[in-house]
Number of protein chains: 2
Amino acid sequence: MILSFAEMTTQASETPNKDIPEEINGLRMTRQRQEVYRFLMGERIHPTANEVFMGIKKALPNVSLATVYNCLEALVQHKIIRQVNFDREPSRYCPNLDEHGHFHDETTGTIHDVKFKPGINLTDLLDLPPNTVIKDIEITLRGQLA
Amino acid sequence: MILSFAEMTTQASETPNKDIPEEINGLRMTRQRQEVYRFLMGERIHPTANEVFMGIKKALPNVSLATVYNCLEALVQHKIIRQVNFDREPSRYCPNLDEHGHFHDETTGTIHDVKFKPGINLTDLLDLPPNTVIKDIEITLRGQLA
DNA sequence: TTTGTAGCAAGAACTATTCTAAATATCATC
DNA sequence: GATGATATTTAGAATAGTTCTTGCTACAAA
């Protein structure tokens, strides 16, 4: 089968991804956004933008890295995924929206989600200035699985 | 007074900074490292490498940005200062070595140290995999001072 | 002094990310 | 459907923080 140029560069409506809705949190899920999101959901590896790019190329051979960045940014802004940063390493992306931290295993380079024990309210443990409105908390651990 | 090139580019021993020792944690404190460290101690603003660079130019007109990066890296590796990252913004540097978090005030762009309430052991609150050795914890808060 | 190692300066190089411009797709309305 | 307005994608250029390279200078040990 030979695809026309129009078919190859199609967006959302053709070749739909049945298991991903056409809209999430008010964001229209184009074909590219679907593939990016699907890849993140499937992998538990907190991939970088470039890893997403390479991972979805099989499904979307004409996708560009800029589009991957665009998609990731859109998904983050609509609170569909989270962006995670370790030091100055490339950003990683995470489909787990529960409040959680990240443990960076130095020996393998892998990243694991870390849940908080039940009933813990983090801001209770911190000596915050009065009248502080916290919008986001990020907890990062670095170490080794001995 | 006219300085020879050799005098202008001198390192640690000339024009000593009396209040900073010649060695900290096994790191020889050259003139450049002293000025970088002094600047960090004086400012409470968690400066970036570039801000340090501009801040020490008066004392060290010939210093280069690469040297500032080298100094900061050396100080970090010898656990004399801490490197702090917010998202993908430029790294900031912090002379406070106590275990603490950072609150990023979105309205002013300023960064405040956040102490933990006494008796809190952070790892107790996290659901870590068994046999985990934690080497470093980073807590970042983002929000506003209402 | 000589010799080896560490540190510095200047600028080039690197890399993750963002921007720009043009093409294409989608949506709303006819 | 067709048409015009808006959104999205693409490719490549541009940006910015940081690191690397090279040549030189300083310091330490013998």
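Since we're looking at a predicted model, the values are computed, not measured. Atoms considered below: every heavy atom in the structure, side chains included; atoms not considered: hydrogens, waters and symmetry mates. Quick note on labels: first sequence line is chain A, next is B, and so on, each numbered from 1.
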statement: In whole angstroms, the gap separating C1' of D/dG17 from CZ of B/Phe86 amounts to 16 Å
- prompt: Quick one, which residues of residues 45-53 of chain B touch DNA chain D with a heavy atom under 4.0 Å?
  reply: none
query: Nearest to the side chain of B/Arg28, which nucleotide is it out of C/dC8, C/dA9, C/dA6?
result: C/dA6
query: Would you say D/dG17 has OP1 or OP2 under 4.0 Å from some side-chain N or O of A/Arg88?
result: no
message: Please tell me if A/Ser64 has a side-chain N or O lying less than 4.0 Å from either OP1 or OP2 of D/dG12.
response: no
- request: Run the numbers on B/Leu40 and B/Arg38 for side chain to side chain contact (heavy atoms under 4.5 Å, CB included), then give the verdict.
  value: CA-CA 5 Å; B/Leu40 281 175; B/Arg38 175 205 307 291; over 6 Å; no
query: Do B/Met41 and B/Val36 share a hydrophobic cluster (ILVMFWY, side-chain heavy atoms under 4.5 Å, transitive)?
result: yes
statement: Result for 5'-nearest mapping on DNA chain D, choosing between B/Gln83 and A/Leu65, is A/Leu65
Side-chain donor-acceptor contacts of residues 108-117 of chain B below 3.5 Å, not counting sequence neighbours, with atom names and distances?
| from | atom 1 | to | atom 2 | distance (Å) |
| --- | --- | --- | --- | --- |
| B/Thr108 | OG1 | B/Asp105 | OD2 | 3.3 |
| B/Thr108 | OG1 | B/Thr110 | N | 3.2 |
| B/Thr108 | OG1 | B/Thr110 | OG1 | 2.5 |
| B/Thr110 | OG1 | B/His112 | NE2 | 3.2 |
| B/Asp113 | OD1 | B/His46 | NE2 | 2.8 |
| B/Asp113 | OD1 | B/His100 | NE2 | 3.4 |
| B/Asp113 | OD1 | B/His102 | NE2 | 3.2 |
| B/Asp113 | OD2 | B/Asn96 | ND2 | 2.9 |
| B/Lys117 | NZ | A/Asp124 | O | 3.1 |

Scan the side chains in residues 133-140 of chain A for donor-acceptor partners under 3.5 Å anywhere in the protein, sequence neighbours excluded, and list what turns up.
none

query: Under the side chain to side chain contact (heavy atoms under 4.5 Å, CB included) criterion, do B/Gln83 and B/Glu73 qualify, and how do the steps go?
result: CA-CA 9 Å; B/Gln83 181 172 5; B/Glu73 188 189 6; over 6 Å; no
- prompt: If we fit an axis to the first five pairs and another to the last five of the helix from C/dT1-D/dA30 to C/dC30-D/dG1, what angle do they make, to the nearest 10°?
  reply: 30°
task: Taking side-chain contact (heavy atoms from CB on, under 4.5 Å) as the test, write out the residues that go with B/Ala74, two or more places apart.
output: B/Leu27, B/Arg33
task: Before giving the answer on side chain to side chain donor-acceptor pair (under 3.5 Å), spell out for B/Thr67 and B/Gln32 the whole-Å C-alpha distance, their side-chain angles and the decisive distance to 0.1 Å.
output: CA-CA 8 Å; B/Thr67 296; B/Gln32 286 82 350; over 6 Å; no
- prompt: Is the distance from OP1 or OP2 of C/dA25 to the nearest side-chain N or O of A/Thr30 less than 4.0 Å?
  reply: no
message: Short of 4.0 Å, heavy atom to strand atom, which residues of residues 66-79 of chain A count as contacting DNA chain D?
response: A/Ala66, A/Thr67, A/Asn70
